[in-house]
Structures are given as C-alpha cells and as structure tokens.
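As structure tokens, the structure follows; a few thoughts come after it.
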Amino acid sequence: MIDTFLKDLEKLVNIDSGSGHAEGIAKVANFFADRYAKLGFTVSTPVFNEKLGPCLEVRTDGGDEFDVLIVGHMDTVFPEGTAAERPFSIVDDRAYGPGVIDMRSCMLLAESALADLLADGRLPRVCVAYNCDEEIGSPSSSQWLSALAKASRCVLVVEPARVDGSLVLERKGGSNLELEFQGKAAHAGVEPEKGRSAITELAHWVLALNELNDYEKGTTLNVGVARGGSTVNVVPDSAKASVDFRFRTEEEYTRVQDRLKELVKGPFVEGVTVLVTEEHLRQPMSPTDKTEKLCRLAERIGKEINLNITWAKTGGGSDGNTTAALGVPTLDGLGPVGGKSHSVEEYLEIPSIEPRLKLLSELIARAPELEL
C-alpha cells in the first residue's frame with residue numbers, strides 16, 4: 001500500500017498548483033476526479049472563479065444529505081516553477097516537496113480511506129469537498145463549503161496533524177486588515193508644515209495596534225506590510241499597511257473592532273484620513289458538546305489501534321473554522337504527520353501514513369453512530 005501511495009504522492013507533489021494557478025489546480029482536480037469516478041462515486045468540478053480554478057465535489061450517491069463531510073484543499077502557497085526546482089524526494093522516513101504535507105498526502109489519505117471502506121462495505125453517506133483557494137482564505141468557495149456542511153452531520157478536515165501527532169481541536173479566528181492613509185503632499189524642504197504625512201499617521205497606528213495585542217487571550221495584530229510615499233523630499237500623502245489579525249473569542253474581536261473605529265474617527269495627524277477594510281474573516285473554531293463526542297470517539301479508536309490521541313490549539317486557520325462556526329461538529333488535523341509547511345523544508349513522516357489511515361477510516365465509518 002505504501003509504495004503505491006508514495007508513487008501517487010510523487011505525481012501530485014510534482015504538479016504546481018499555487019493559489020491562482022488555475023491550470024495546475026485543474027490537474028490536481030482531474031487526478032482525484034478520475035480516481036473517485038473509477039470507484040463509483042458521483043463527481044463534479046464546480047468553478048466559482050475561473051481565475052482560481054475548479055473545486056472538486058465527490059458524493060457517495062445523488063443524495064443531498066451526508067453523514068460525513070470530508071474537507072481538504074488543492075492549492076498550495078508555492079509559485080509556479082517550484083515543483084521543477086525541488087521535486088518530490090524521499091530521505092530515510094521522510095518525503096519532501098512543495099505541498100507534500102499541506103496537503104497532497106492528506107487528500108490521498110482521504111481517498112484511500114474511502115476506497116478501503118467501500119471495499120469493506122462500511123461506507124456511510126459521504127461528501128468530499130476539495131477547494132481551490134484555502135490558502136488565500138477560501139474567497140470563492142466558502143459559501144459552497146458552508147452549504148455542504150449544513151447538509152452534513154459532522155465534518156472531518158484532513159489538514160495535517162501537528163508535528164507531535166496531535167489532532168486540532170481549536171483554531172483562532174482571523175482576518176486581514178487593509179489600512180489606507182491619505183494625507184497631503186508638500187515640499188519637504190521648502191514648506192513641510194503645509195504637508196500632512198500619511199506615513200507618520202501609519203507609524204502611530206503601528207504602535208496603537210501593537211497595544212491591542214493580548215497574548216494570554218490569544219489576540220494578535222501583526223503589521224506585516226507597510227509602504228508609502230513617493231520620494232525622499234516630499235511629505236508623503238499616501239501610505240498603506242496590511243495587518244494579520246487573530247483572535248480566540250467574539251469578545252476580543254469586538255474589542256479590537258471598537259478600537260479601530262475610534263482610531264479612524266480621531267487620527268493622530270490632523271488632516272489625515274484612514275480607511276480600514278477587512279478581508280477573509282474566519283470565525284474561531286471552538287469545540288461544542290457535539291464536537292466533544294467526536295473527540296471521545298477518536299480517542300477510543302486510538303486505543304483500539306494503539307495510537308495515542310492528543311489535542312492541540314493553533315493560531316492558524318482552515319476551512320474547519322468555517323464549518324465549526326455554523327455549529328456543525330468539526331474535527332481537524334486528520335491527515336498524516338509532518339511539519340515545516342509552507343517552507344522549502346516541508347516534509348511528511350512516512351511511518352505516520354498507515355496509522356492515520358486507520359484512524360480516519362474508522363472515524364468516517366463510526367461517526368454516523370453518534371447522537372450528534
């Protein structure tokens with residue numbers, strides 16, 4: 001089984017499919033569409049934004065209600081040409097390559113689990129949803145995923161397990177804040193007093209946003225990109241900044257939003273205006289009583305297959321945030337073990353494939369037995 005899995009994984013890793021690379025994403029979609037169709041599943045490839053490529057929807061039958069929704073994504077963070085620069089490779093017990101753990105091997109694991117359950121006659125009503133734009137916040141696919149989640153009793157997200165093997169129980173919510181500052185230009189040497197510096201206002205905002213960080217509560221604002229001005233001898237009349245905003249609770253989200261409104265109303269530099277735009281908002285993924293039932297099932301299965309099940313909280317987001325926010329019981333991190341995602345050192349722990357396959361298979365088969 002492992003040899004075949006790794007050969008398939010090599011094919012997938014060596015396909016460039018960064019977010020927005022529609023042609024590459026279509027190749028990945030076609031790979032899985034063909035595999036699932038041969039197994040007898042109903043397959044479609046809906047397109048919500050042609051520039052982003054197709055998504056993949058797989059159903060056990062023509063029904064519109066599901067026992068389990070399996071969620072994954074086909075896009076990576078790597079630009080075109082990366083696969084040729086550092087293609088799939090294996091060193092000892094690790095496989096390397098762009099997207100090898102996030103999430104080529106995870107998608108293959110799900111397909112393997114469903115194939116095994118189908119062969120054993122244990123397959124419940126399942127829908128598989130692989131989207132094309134998760135790495136950029138799922139802008140075109142979130143409504144589609146939400147509709148499928150609402151039609152499902154539970155959601156299993158095949159993002160990779162943590163480095164220590166933990167599954168993911170909680171994820172922070174998050175969004176991107178785009179800040180635009182508009183001031184007034186003036187000659188920096190002749191009449192600087194007539195100018196209104198957008199960059200000075202931006203600098204004040206950086207400090208003000210830093211004051212909103214509350215690490216104990218999990219609230220962070222990171223000004224990751226700042227730019228402005230035109231030339232050194234002109235008081236800058238424009239500037240922009242991009243901010244990564246993460247939070248664990250609705251109360252913290254509201255606290256930050258209220259402060260942003262105050263800052264917009266009262267700029268530090270008189271005459272400068274500020275526009276704040278929020279993009280890609282994801283609510284926190286927080287466990288409910290129904291989710292806890294899924295957790296206990298995972299732990300029981302772990303004992304049966306001699307796999308220690310532990311749980312992690314993470315600041316990173318996934319489509320699990322979207323499905324959990326709808327109140328649908330959601331477990332995340334059900335892929336193989338690996339690490340250093342989004343980097344040149346990204347890897348998969350090959351020995352983790354078989355035990356994680358057993359765990360995922362049993363969860364899919366037995367989750368419908370729970371009273372959710």
Side-chain angles (χ1 to χ4, degrees), residues 1 5 66-72 101-103 105-117 120-128 149 152-172 218 248 284-339 341 348-372:
M1 174 267 176
F5 188 99
F66 315 105
D67 294 310
V68 180
L69 173 64
I70 299 171
V71 174
I101 190 63
D102 189 17
M103 60 182 313
S105 56
C106 300
M107 291 186 291
L108 270 179
L109 195 81
E111 189 251 327
S112 299
L114 294 181
D116 288 349
L117 291 173
D120 292 342
R122 302 177 63 209
L123 188 64
R125 297 173 301 169
V126 171
C127 179
V128 179
S152 305
R153 295 186 70 247
C154 68
V155 177
L156 303 180
V157 184
V158 288
E159 289 282 349
R162 303 299 90 178
V163 173
D164 66 355
S166 295
L167 307 185
V168 178
L169 185 59
E170 295 184 38
R171 290 183 182 271
K172 288 184 183 181
R248 283 204 183 105
M285 176 182 161
S286 302
T288 63
D289 291 343
K290 292 181 179 180
T291 306
E292 293 290 349
K293 291 182 179 180
L294 280 175
C295 294
R296 304 293 84 78
L297 174 60
E299 290 167 356
R300 291 195 297 273
I301 294 170
K303 289 181 179 179
E304 293 169 9
I305 64 176
N306 197 30
L307 178 65
N308 185 38
I309 302 297
T310 55
W311 304 97
K313 301 177 182 180
T314 179
S318 83
D319 288 315
N321 291 67
T322 300
T323 61
L326 297 171
V328 183
T330 301
L331 286 190
D332 203 340
L334 288 164
V337 179
S341 298
L348 156 72
E349 297 282 8
I350 295 173
S352 74
I353 294 171
E354 290 192 285
R356 297 289 155 164
L357 175 60
K358 292 179 182 177
L359 173 64
L360 180 60
S361 298
E362 289 301 312
L363 272 172
I364 295 169
R366 291 160 60 175
E369 300 170 5
L370 298 176
E371 293 184 7
L372 298 176

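Reckoned from all heavy atoms, side chains included, excluding hydrogens, waters and symmetry mates. Computed from a predicted model, the values in this text were never measured in an experiment.
- Residues that satisfy the side chain to side chain contact (heavy atoms under 4.5 Å, CB included) test with A113, not counting sequence neighbours, are L357, L360, S361, I364.
- Of the options L123, L156, L363, L114, a side-chain contact (heavy atoms from CB on, under 4.5 Å) to V68 is made by L156 and by none of the others.
- Between the side chain of R125 and the backbone N or O of P368 there is no donor-acceptor pair closer than 3.5 Å.
- Between S105 and the choices L108, I101, L109, the side-chain contact (heavy atoms from CB on, under 4.5 Å) rule is met once, by I101.
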(message) Walk me through whether K293 and E369 qualify under salt bridge (Lys or Arg N to Asp or Glu O under 4.0 Å).
(response) CA-CA 11 Å; K293 291 182 179 180; E369 300 170 5; over 6 Å; no

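- In plain terms, the two heavy atoms of D102 and P160 that are nearest each other are OD1-CD, 4.2 Å.
- The shortest distance between side-chain heavy atoms of K290 and R153 does not fall below 4.5 Å.
- Looking at every heavy atom in both residues, G72 comes nearest to V158 through CA-CG2, 4.1 Å.
- With hydrogens and angles disregarded, a donor-acceptor distance shorter than 3.5 Å links the side chain of N321 to the backbone of S318.
- Smallest separation of non-hydrogen atoms from L117 and A365: CD2-CB, 3.8 Å.
- For E304, the side chain to side chain contact (heavy atoms under 4.5 Å, CB included) partners two or more places apart in sequence, or in a different chain, are R366.
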(message) Run E111 and V128 through side chain to side chain contact (heavy atoms under 4.5 Å, CB included) and show every step you take.
(response) CA-CA 9 Å; E111 189 251 327; V128 179; over 6 Å; no

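- Of all non-hydrogen atoms in V163 and G339, the two that sit nearest each other are CG2-CA, 4.0 Å.
- The salt bridge (charged side-chain N to carboxylate O under 4.0 Å, His left out) analysis of residues 349-358, with sequence neighbours excluded, yields the pairs R94-E349.
- You'll find the side chain of V126 stays beyond 4.5 Å of the side chain of D67, heavy atoms only.
- Between V337 and G165 the shortest heavy-atom distance is CG2-CA, 3.9 Å.
- A heavy-atom distance below 4.5 Å is found between the side chains of C106 and P336.
- For residues 160-170, the pairs satisfying salt bridge (charged side-chain N to carboxylate O under 4.0 Å, His left out) are E170-K313, with sequence neighbours left out.
- Within a 6.0 Å radius of CG in N306, no more than 12 heavy atoms belonging to other residues, nucleotides or ligands are found.
- To the nearest 0.5 Å, atoms CD1 (I70) and CG (L334) are separated by 9.5 Å.
- Summarising the geometry of L307 relative to P355, their closest heavy-atom pair is CD2-O, 4.0 Å, with the distance given to 0.1 Å.
- Using a 4.5 Å heavy-atom threshold, the side chains of L348 and I353 count as touching.
- Distance check: I301 CD1 to R296 CZ gives 12.5 Å after rounding to the nearest 0.5 Å.
- Applying the side chain to side chain contact (heavy atoms under 4.5 Å, CB included) criterion to V328, with sequence neighbours excluded, gives A149, V155, L326.
- Note: I309 CD1 to L359 CG = 4.5 Å, rounded to the nearest 0.5 Å.
- Side-chain atoms of T330 and M285, non-hydrogen and from C-beta on, do get closer than 4.5 Å to each other.
- Checked by atom type and distance alone, the side chain of R248 never pairs as donor or acceptor with a backbone atom of K172 at under 3.5 Å.
- A heavy-atom distance below 4.5 Å is not found between the side chains of V157 and D319.
- Atom CD of E299 sits about 6.0 Å away from atom CH2 of W311, to the nearest 0.5 Å.
- For A115, the side chain to side chain contact (heavy atoms under 4.5 Å, CB included) test picks out L39, with sequence neighbours left out.
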